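Notes follow once the structure below has been shown.
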Amino acid sequence: SVMLYQTSAFVKEAGNAETRWHSDLNTAPFDTNHMVTFWIALTPVPTFDEAPLEFATGSHRDFALPYWYSNEGMRNLDARNYPIKSHEPLLSGDATAH
């Protein structure tokens with residue numbers, strides 16, 4: 001079965017400061033890792049310089065990382081076996097699942 005937990009809009013314009021690393025799973029009231037988040041571009045994201053979407057693959061399982069509060073501890077994630085994946089270009093309506 002599938003359950004829709006929440007919908008939200010996150011507005012980030014080109015040139016805004018970067019968003020700190022965080023885990024969506026940390027904020028959900030579920031007792032499972034079997035969760036997926038979809039991110040849908042409402043406007044084009046043509047290049048890395050225009051607010052790319054990046055993921056640290058596998059880091060959602062590491063709750064010791066200091067999500068939300070600082071980027072300290074989130075540096076050199078490739079060395080911690082969390083490869084960084086970037087998603088661009090994205091056109092309006094393109095979606096990522098993570």
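Since the model is a prediction, treat every value here as computed from it, not as a measurement.
- Separation of atoms OG1 (Thr96) and CZ (Phe55) is listed at 4.0 Å; rounding is to 0.5 Å.
- Listed here is the closest heavy atom pair of Pro89 and Pro46: CB-O, 3.3 Å.
- One finds the OG1 atom of Thr43 at 10.5 Å from the CG atom of Leu91 (value rounded to the nearest 0.5 Å).
- Not counting sequence neighbours, the partners of Ile84 by the side-chain contact (heavy atoms from CB on, under 4.5 Å) test are Trp21, Glu54, Ala56, Leu77, Asp78.
- When the side-chain contact (heavy atoms from CB on, under 4.5 Å) test is applied to Asn81, no partner is found at least two apart in sequence or on another chain.
- Chaining together hydrophobic side chains whose heavy atoms lie under 4.5 Å apart places Phe38 alongside Val36.
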